Structure formats: structure tokens, C-alpha cells
Amino acid sequence: DAGVIQSPRHEVTEMGQEVTLRCKPISGHDYLFWYRQTMMRGLELLIYFNNNVPIDDSGMPEDRFSAKMPNASFSTLKIQPSEPRDSAVYFCASSAGTGSHNEQFFGPGTRLTVL
Amino acid sequence: AQKVTQAQTEISVVEKEDVTLDCVYETRDTTYYLFWYKQPPSGELVFLIRRNSFDEQNEISGRYSWNFQKSTSSFNFTITASQVVDSAVYFCALSEAFLGAQKLVFGQGTRLTINP
């Protein structure tokens with residue numbers, strides 16, 4: 001079975017450009033999460049969805065960040081405009097089961113570098 | 001507020017030694033879940049174990065074992081007879097049951113290096 005798929009795996013862009021990260025969760029999973037990993041702040045939850053609906057976006061750093069989940073098999077995280085401090089590895093994860101706190105399965109991550 | 005502390009930033013041992021990774025958590029909830037994840041050099045996060053707050057039984061899986069003690073709010077992870085392939089960053093994480101929340105709060109991670 002395919003795991004969580006993220007694209008691109010690496011992204012290098014210049015400050016001010018728009019960046020879109022993509023995620024395909026595991027089929028049948030009803031939760032989708034976006035995390036950011038940096039040396040300074042570790043792993044942080046940015047936002048998560050349940051059945052395509054955003055449940056908690058309190059971790060989104062600022063209005064430059066937005067996330068959507070138009071259907072059960074696709075989500076995007078967009079940064080516009082990007083800044084050098086957005087450089088990080090962005091992980092998408094999915095899990096199944098309402099309220100059961102099942103394990104989250106992580107994608108390989110997108111390494112974003114903003115110059 | 002939830003908090004997870006992994007006080008050991010880095011650990012380095014020689015192959016075949018036993019090693020314990022510490023994890024201490026804070027929560028006001030009586031129902032919560034604890035997790036360990038492994039992040040090998042390739043970068044992906046790999047689930048290792050989940051434990052709920054009502055189950056304090058220790059668990060063993062091959063060379064891996066976990067010791068959950070509510071009295072000290074700790075969920076420590078021991079690797080017996082370590083191997084070079086165990087080299088990775090290990091994260092402890094906590095989620096609370098409030099409103100069915102699925103939010104994971106991660107510790108800062110412990111970088112484990114197993115030397116041949």
C-alpha cells in the first residue's frame with residue numbers, strides 16, 4: 001500500500017515567491033496533518049483536517065500560510081509570500097479513526113529553502 | 001498545557017550497549033496518549049509505539065522496550081543490544097483526549113548515535 005505522498009521533495013525558491021506543497025494521504029484516513037520541522041523549534045503542528053474540514057489551525061504562523069483540503073485525497077499548504085525564515089522541512093501525516101488517537105503516518109517531507 | 005521534555009539532546013554509545021531514552025510529559029488530562037517515533041537519517045518519521053494513560057504495562061518488542069510510569073510522568077524507551085541501524089533521532093509525543101483532539105505535541109528529540 002502506498003504511504004503518504006508529498007511533492008515536491010525539495011523546493012528552492014526566492015523570497016517573495018509563492019510556494020505550494022502537496023500531500024496525498026493514505027486512502028481511507030480521515031485525518032490529515034501538516035507539520036513543520038526546524039532546528040530551532042522542532043516539530044510543530046501547523047493545522048489539521050478531519051473529513052476535509054480544518055479543525056485546528058492555531059499553529060499556522062501567520063496569514064502568509066494557508067492550507068486547503070478540497071477532497072479526501074489531496075491537500076495543499078501554501079506560503080505567499082515566502083520568507084527565508086520559512087525554510088524548514090514540512091511533513092504531511094494522516095491517520096484513521098475518530099477520537100481513537102491512532103498513530104499518524106508521515107510522508108517523506110518537503111525540504112523548503114527560501115533564499 | 002501539554003509539554004514533552006526529552007532532556008537528552010544527544011547520546012552516543014558503542015554497538016551492543018543498552019541505551020535508555022528519557023521522556024517526561026506534562027498534562028492536565030486524565031486520558032492521554034503517548035507515542036514514540038523514530039527519524040532515521042533519511043528523514044521520514046516512523047511510528048514505534050502508542051500507549052494510553054490507562055495502560056501502565058511495560059511493553060517489549062524485540063530489542064525495544066518501553067517503561068510507562070504515571071507516578072513520575074515518564075515514558076522511557078530502552079534499546080537493548082543496540083545496533084548501528086538504531087542510529088536516528090527519536091521523538092516522544094503526547095496527545096490529549098479532550099474533545100477527541102488528535103494534536104500531537106512532540107519533544108525536542110534525542111539524537112542517538114550507535115558507533116561500531
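Quick caveat, the model's predicted, so the values are computed rather than measured. Below, chain A is the first sequence line, B the second, and so on; all start at residue 1.
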(Q) How about CG on Asp63(A), more than 12 heavy atoms from neighbouring residues, nucleotides or ligands closer than 6.0 Å, or not? (A) no
Q: Using the test side chain to side chain contact (heavy atoms under 4.5 Å, CB included), find all partners of Thr5(B) that sit at least two apart in sequence or belong to another chain.
A: Lys3(B)
Q: Determine whether Met69(A) and Val19(A) fall in the same hydrophobic cluster, where Ile, Leu, Val, Met, Phe, Trp and Tyr are linked whenever their side-chain heavy atoms lie under 4.5 Å apart.
A: yes
Q: Could you check Phe106(A) against Phe47(B) for ring pair (Phe, Tyr, Trp, His ring centres under 6.0 Å), going step by step and ending with a plain yes or no?
A: CA-CA 9 Å; Phe106(A) 284 75; Phe47(B) 166 80; over 10 Å; no
Q.
Tell me whether Leu21(A) shares a hydrophobic cluster with Leu46(A), the cluster being built from Ile, Leu, Val, Met, Phe, Trp, Tyr side chains joined at under 4.5 Å.
A. yes
Q: Determine whether Gln104(A) and Tyr37(B) make a side-chain contact, defined as any pair of heavy atoms from C-beta on separated by less than 4.5 Å.
A: yes
Q.
Heavy-atom cut-off 4.5 Å, strictly under: side chain, backbone, both or neither for Arg41(A) against chain B?
A. backbone
Q: Examine Leu21(B) and Leu48(B) and state if one hydrophobic cluster contains both, with Ile, Leu, Val, Met, Phe, Trp and Tyr joined whenever side-chain heavy atoms are less than 4.5 Å apart.
A: yes
Q. Within a radius of less than 6.0 Å around CD of Glu62(A), do more than 12 heavy atoms belonging to other residues, nucleotides or ligands occur?
A. yes
Q: Sort Gln39(B) into side chain, backbone, both or neither according to what part of it lies under 4.5 angstrom from a heavy atom of chain A.
A: side chain
Q.
Which residues in residues 78-95 of chain A have any heavy atom closer than 4.5 Å to a heavy atom of chain B?
A. Phe91(A), Ser95(A)
Q. Do other residues, nucleotides or ligands put more than 12 heavy atoms under 6.0 Å from Arg64(A) CZ?
A. yes
Q | Toward chain A: residues of residues 106-116 of chain B with heavy atoms under 4.5 Å | A | Phe106(B), Gln108(B)
Q.
Please classify the contact of Leu43(A) with chain B as side chain, backbone, both or neither, using a heavy-atom distance under 4.5 Å.
A. both
Q: Could you look at Gln37(A) and say if it's the side chain, the backbone, both or neither that has a heavy atom under 4.5 Å from chain B?
A: side chain
Q | Greater than 12 external heavy atoms within 6.0 Å of Ile60(B)'s CD1 | A | no
Q.
To the nearest 0.5 Å, what is the distance between CG on Leu104(B) and CZ on Phe33(A)?
A. 7.0 Å
Q. With no hydrogens and no angle check, is any side-chain donor or acceptor of Tyr33(B) less than 3.5 Å from a backbone partner on Glu103(A)?
A. no
Q.
Around atom NZ of Lys38(B), are there more than 12 heavy atoms from other residues, nucleotides or ligands closer than 6.0 Å?
A. yes
Q) Do Val46(B) and Trp36(B) sit in the same hydrophobic cluster, where Ile, Leu, Val, Met, Phe, Trp and Tyr count as joined when their side-chain heavy atoms come under 4.5 Å apart? A) no
Q.
Surrounding NZ of Lys16(B) (heavy atoms of other residues, nucleotides or ligands, distance under 6.0 Å), is the total greater than 12?
A. no
Q | Joint hydrophobic cluster, Val4(B) plus Tyr32(B), side-chain heavy atoms closer than 4.5 Å | A | yes
Q | Of all pairs that satisfy side-chain hydrogen bond (donor to acceptor under 3.5 Å, both in side chains), the ones with a partner from residues 3-16 of chain A, not counting sequence neighbours | A | none
